[in-house]
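We count ligands from 1, going down the list as the structure has it; atoms in each ligand are counted the same way. Note: hydrogens, waters and symmetry copies are ignored here, and every other heavy atom, side chains too, is used. Quick caveat: nothing in here was measured; it's all calculated off a predicted structure.
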Amino acid sequence: MTTSIATPNRRSFLLGTAGLVASAAALRFPTPAIAQAAPFRVGFMLPYSGTFAKLGEFVDAGFRLQVESMGGQLGGRPVEFVNVDDESKPETATDNMNRLVGREKVDVVVGTVHSGVAMAMVKVARDTGTMLVIPNAGVNEATGPMCAPNIFRTSFSNWQVCHPMGKVMHDAGHRRVVTISWRYAAGDQMIGAFKEGFTDAGGEVVEELALPFPEVEFQALITRIATLKPDAVFAFFAGGGAVKFVKDYAAAGLHGQIPLYGSGFLTDGTIEAQGAAANGVRTTLHYADDLDNPANVAFLKAFRDKTGKVGDIYSVQGWDAASLIDVGLKATDGDWSAREAAVAAMRGAKLDSPRGPLSFNKAGNPIQNIYLREVRDGRNAMVEIAEASVDDPARGCRSGA
Ligand code: PHB
């Protein structure tokens with residue numbers, strides 16, 4: 001675990017320091033004014049190692065960039081960060097989350113990427129009332145049956161990004177499709193959502209191929225695809241696994257023979273490493289590299305200036321997580337204990353995100369455009385809006401805000 005403090009501007013640093021030394025008694029029983037000047041503690045629980053390492057790093061970088069652009073503050077309070085590498089391991093997720101909430105006493109947890117890890121985090125957040133902002137993991141339950149006023153997502157639900165692809169692929173003339181993914185919550189739910197959209201449109205999923213997360217021995221499954229000769233393939237992989245799958249698919253000679261589609265994670269954040277193997281791959285996602293709205297143009301420039309790298313959906317989701325928390329804190333003049341007011345402001349937030357307009361449903365899940373993209377010249381270029389303002393059905397969510 002590492003701790004760091006955002007570079008605050010001079011005024012916020014002095015305010016924070018003055019608040020801390022004001023009075024020992026007040027520190028034990030903080031008055032709202034002193035609590036509001038104290039550093040706001042953000043706990044990042046993200047993968048910084050393993051197949052999703054780059055994804056976690058980009059969420060982190062996007063969040064920090066937005067904090068920096070707001071003068072090192074969220075809602076006027078200086079910010080401290082605590083990082084935990086969750087390694088995308090569900091088995092250690094509860095302990096990691098408890099450490100952030102208990103020992104580190106963070107004000108909010110921002111995490112994570114992996115759906116299975118996120119499920120454990122959601123349980124702890126519900127038990128302890130800790131504010132949780134999920135900047136990637138799409139597990140449907142987080143904003144479905146496990147929804148709660150203190151749980152938000154600035155990413156997507158697994159259903160939301162894949163359901164529109166069913167109609168897109170059917171409209172493209174594909175009737176018999178093979179799916180392939182990792183066998184865990186995200187893979188199962190993304191394939192399930194695609195299948196729902198595709199079969200409703202009149203298509204047939206002829207075989208669902210899967211391997212355990214995070215295995216990357218794709219060869220036998222790719223051979224099976226070649227044998228089945230479907231009209232097209234729909235895939236969910238992400239991070240390092242997605243790089244290898246797209247390259248293996250092309251190396252097997254299937255590129256150009258059987259069109260490859262997927263959720264956008266197949267080529268987002270991975271496109272550079274995939275090279276020519278990714279050309280022509282079509283995906284649906286709530287982002288495209290070339291969205292020419294002013295927020296995206298400014299974001300990509302700022303991200304490149306700061307990191308020297310090309311921003312992607314993971315960095316956008318991190319950036320928006322910081323924007324959302326800022327809305328909650330500002331609504332209460334920095335008093336995070338005024339929970340109801342903060343939550344109401346966050347549920348009602350309308351963010352000018354690099355992805356386009358971003359608002360939230362009663363379960364705290366984004367309402368957003370889902371774009372059809374195609375890899376062209378090393379970019380995820382927008383083809384069209386596959387479906388505008390897609391809301392997740394939030395099946396099973398009863399509490400809401
Ligand atoms: C997930 O596990 O929910 C997940 C992981 C990586 C992605 C997208 C979703 O890129």
Exercise. Does Phe156 come within less than 4.0 Å of ligand 1, judged by its heavy atoms?
Worked result: yes

Problem set entry | Heavy-atom nearest neighbour in the protein, as seen from atom 5 (C) of ligand 1, with distance rounded to 0.1 Å | Val113 O, 3.3 Å

Exercise. In the protein, what heavy atom is nearest to atom 2 (O) of ligand 1, and what distance, to one decimal place, separates them?
Worked result: Tyr184 OH, 2.5 Å

Exercise. When you look for heavy atoms under 4.0 Å from ligand 1, do you find them on the side chain of Met190, its backbone, both, or neither?
Worked result: side chain

Problem set entry | Distance (rounded to the nearest 0.5 Å) between Thr284 OG1 and Asn369 CG | 13.0 Å

Exercise. Can you find an N/O atom of Leu55 closer than 3.5 Å to an N/O atom of ligand 1?
Worked result: no

Exercise. Does Asp268 approach ligand 1 within less than 4.0 angstrom via side chain, backbone, both or neither, non-hydrogen atoms only?
Worked result: neither

Problem set entry | Parallel, tilted or perpendicular: ring planes of Phe234 versus Phe194, cut at 30 and 60 degrees | parallel

Problem set entry | Contact partition for Ser115 relative to ligand 1, non-hydrogen atoms under 4.0 Å | both

For this session: Of the side chain and backbone of Phe237, name the one, both, or neither that has a heavy atom under 4.0 Å from an atom of ligand 1.
Result: neither

For this session: Determine the interplanar angle of the Phe265 and Phe236 rings, folded into 0 to 90°, and report it as parallel if under 30°, tilted if 30 to 60°, perpendicular if over 60°.
Result: perpendicular

For this session: Please state whether the rings of Phe63 and Phe44 are parallel, tilted or perpendicular, taking 30° and 60° as the class boundaries.
Result: perpendicular

